[in-house]
Amino acid sequence: MSKATGMYFFLAYAFSWCAYVPLALQGQGLLSGVPAWLHLAAGYGPLLAAFLVTAWTRSGAGVRELLSRMTRWRIGWGWLAVAAFSPAALFGAVVLVMRLLTGTWQAAGGFGQVAEWPGLNWLTGWLAWILISGLGEETGWRGFALPRLQARYSAHDASFILGLLWAGWHAPAFFYNYELSLFSVLAFVVGIVAGSMLLTWLYNSTGGSLLATILWHGGYNATVAGSEGVVAAALTAAVILAFILIVRRYGPETLSPRPKQVLKD
């Protein structure tokens with residue numbers, strides 16, 4: 001891992017944990033009065049770190065190049081549809097199965113829910129997740145870290161390393177927002193690593209389009225954040241299955257039908 005990549009991860013953790021840690025302390029009864037919206041603000045730590053380290057290592061040209069990948073939409077309508085709508089389509093399939101099993105549409109109510117922003121409807125909630133976790137996280141994880149890791153490792157190994165660091169970045173949330181148990185932590189890590197592989201497939205397959213990963217990440221969070229446990233588990237299982245199929249189909253070197261996207265500092 002290069003010095004710049006190491007600095008990126010340090011800053012991404014530091015910026016986000018400035019919000020996560022007070023919430024974790026409040027969750028353990030050690031602080032009070034910490035606003036819930038800090039959980040959403042923490043999502044912009046990776047974005048801020050990406051722009052700062054890019055400006056430091058590659059100056060204005062690097063910042064412009066990063067912005068160009070964030071707005072790269074000429075990737076084919078099929079890939080745009082996959083990026084924007086496949087999480088919602090998968091959610092719809094799970095909800096339909098739940099309807100057949102339970103006789104109600106209750107599971108559908110979880111789509112687009114933002115607990116820290118309760119006044120949103122499903123559509124504005126979906127957009128909020130794209131602009132928060134999609135934009136805030138993907139600019140850093142896939143925008144900065146992934147292409148630099150792929151310059152040193154296979155796409156599979158780069159995704160695995162990134163997935164572990166991405167999962168670790170969430171660690172304080174287990175003290176106030178997620179269930180803290182060995183099973184839930186392990187399940188979360190496996191799901192995040194599988195998601196990292198899937199997003200590498202999407203990023204490499206679209207020639208390095210961050211817009212694609214932003215749309216997919218935000219859409220996926222819109223499906224799981226407010227969903228029942230069974231629905232969220234089914235969606236996570238689908239991501240794990242997709243990761244297995246991607247590795248078998250394309251192999252570990254690129255995880256995609258196109259060459260892996262790389263950047264060197």
Side-chain angles (χ1 to χ4, degrees), residues 1-2 4-5 8-9 12 46 50 65-66 68-70 72-90 130 133-135 137-170 186-221 223-224 235-265:
M1 186 181 297
S2 69
T5 306
Y8 161 75
F9 281 113
E65 189 276 336
L66 177 58
S68 74
R69 284 185 285 130
M70 294 171 68
R72 187 171 298 167
W73 64 273
R74 295 179 183 272
I75 58 176
W77 292 111
W79 284 112
L80 276 175
V82 168
F85 302 118
S86 62
L90 180 59
I130 290 171
S133 58
L135 178 65
E137 294 189 44
E138 287 304 311
T139 304
W141 305 138
R142 256 55 63 178
F144 187 95
L146 178 63
R148 287 164 173 82
L149 290 171
Q150 288 194 134
R152 291 173 173 256
Y153 308 102
S154 68
H156 175 279
D157 291 351
S159 302
F160 182 76
I161 294 167
L162 179 54
L164 291 179
L165 290 166
W166 183 17
W169 175 81
H170 289 88
L186 289 177
F188 182 85
V189 172
V190 170
I192 285 282
V193 169
S196 180
M197 301 281 181
L198 190 152
L199 283 162
T200 294
W201 163 77
L202 183 59
Y203 181 77
N204 286 340
S205 297
T206 57
S209 170
L210 278 178
L211 178 61
T213 66
I214 287 168
L215 290 172
W216 193 93
H217 188 158
Y220 181 78
N221 276 23
T223 68
V224 299
L235 293 168
T236 301
V239 170
I240 294 171
L241 176 60
F243 144 63
I244 294 171
L245 294 175
I246 288 167
V247 174
R248 288 178 62 87
R249 173 66 177 85
Y250 298 110
E253 184 59 30
T254 63
L255 294 181
S256 80
R258 299 179 65 176
K260 61 182 181 180
Q261 301 293 306
V262 302
L263 282 175
K264 296 181 179 180
D265 290 313

*Asks:* Whether the Trp216 and Ser86 side chains hold a donor-acceptor pair (N or O, under 3.5 Å, no angle test) is what I'd like checked.
*Replies:* yes
*Asks:* Do the non-hydrogen side-chain atoms of Leu165 and Trp141 ever get within less than 4.5 Å of each other?
*Replies:* no
*Asks:* Quick check against the 3.5 Å criterion: does Gln150 have a side-chain atom that pairs as donor or acceptor with the backbone of Val262?
*Replies:* no
*Asks:* Identify the two heavy atoms, one from Leu210 and one from Thr139, that lie closest to each other, and give their separation to 0.1 Å.
*Replies:* CD1-CA, 4.4 Å
*Asks:* Would you say Thr236 and Tyr220 make side-chain contact, with heavy atoms under 4.5 Å?
*Replies:* yes
*Asks:* Please identify each residue that fulfils side chain to side chain contact (heavy atoms under 4.5 Å, CB included) with Leu164, with sequence neighbours left out.
*Replies:* Phe160, Val189, Val193
*Asks:* Report the distance from atom CG of Leu90 to atom CG of Leu235, rounding to the nearest 0.5 Å.
*Replies:* 5.0 Å
*Asks:* May I ask you to test the Arg152-Met1 pair for a side-chain heavy-atom distance under 4.5 Å?
*Replies:* no
*Asks:* Please name the pair of heavy atoms, one in Gly143 and one in Pro147, separated by the smallest distance, quoted to 0.1 Å.
*Replies:* O-CG, 3.6 Å
*Asks:* Which of these passes side chain to side chain contact (heavy atoms under 4.5 Å, CB included) with His156: Glu253, Lys260, Met197?
*Replies:* Met197
*Asks:* Look up atom CG in Leu199 and atom OG in Ser159, then write down how far apart they are to the nearest 0.5 Å.
*Replies:* 9.0 Å
*Asks:* Show the nearest heavy-atom pair for residues Ile192 and His170, with the distance to one decimal.
*Replies:* CD1-CE1, 4.1 Å
*Asks:* Quick one: pull up CD1 in Ile246 and CG in Leu241 and give me the separation to the nearest 0.5 Å.
*Replies:* 9.5 Å
*Asks:* Check Ala212 against Ala83 and note the closest heavy-atom contact, atom names and distance.
*Replies:* O-CB, 3.4 Å
*Asks:* Any side-chain heavy atom of Tyr203 sitting closer than 4.5 Å to one from Arg69?
*Replies:* yes
*Asks:* What are the two closest heavy atoms between Leu162 and Ala145, and how far apart are they?
*Replies:* CD1-CB, 4.0 Å
*Asks:* First locate atom CG of Leu149, then atom CZ of Phe9, and finally report the distance between them rounded to the nearest 0.5 Å.
*Replies:* 5.0 Å
*Asks:* For a 4.5 angstrom cut-off between non-hydrogen side-chain atoms, does Phe243 reach Thr200?
*Replies:* no
*Asks:* Output yes when a side-chain donor or acceptor of Ser205 lies under 3.5 Å from a complementary backbone atom of Leu202, and no otherwise.
*Replies:* no
*Asks:* So how far is it from Phe85 CZ to Leu80 CG, rounded to the nearest 0.5 Å?
*Replies:* 9.0 Å
*Asks:* Quick one, Ile130 with Leu135, criterion side-chain contact (heavy atoms from CB on, under 4.5 Å). Give me CA distance, side-chain angles, the key distance, then yes/no.
*Replies:* CA-CA 6 Å; Ile130 290 171; Leu135 178 65; over 6 Å; no
*Asks:* Report yes or no: is the cationic atom of Arg142 (NZ for Lys, CZ for Arg) under 6.0 Å from the centre of the six-membered ring of Trp166, at an angle within 45° of the ring normal?
*Replies:* yes
*Asks:* Is there a side-chain contact between Arg72 and Leu211 (heavy atoms, below 4.5 Å)?
*Replies:* no
*Asks:* Does the side chain of Arg258 come within less than 4.5 Å of Asn204's, by heavy atoms?
*Replies:* no
*Asks:* Which heavy atom of His217 sits nearest to which heavy atom of Gly134, and what is that distance?
*Replies:* CB-CA, 4.2 Å
*Asks:* Begin with the C-alpha distance, continue with both residues' side-chain angles, and end with the deciding distance and a verdict on side-chain contact (heavy atoms from CB on, under 4.5 Å) for Glu137 and Trp169.
*Replies:* CA-CA 11 Å; Glu137 294 189 44; Trp169 175 81; 3.6 Å; yes
*Asks:* Roughly how far apart are Leu255 CG and Asp157 CG, rounded to 0.5 Å?
*Replies:* 9.5 Å
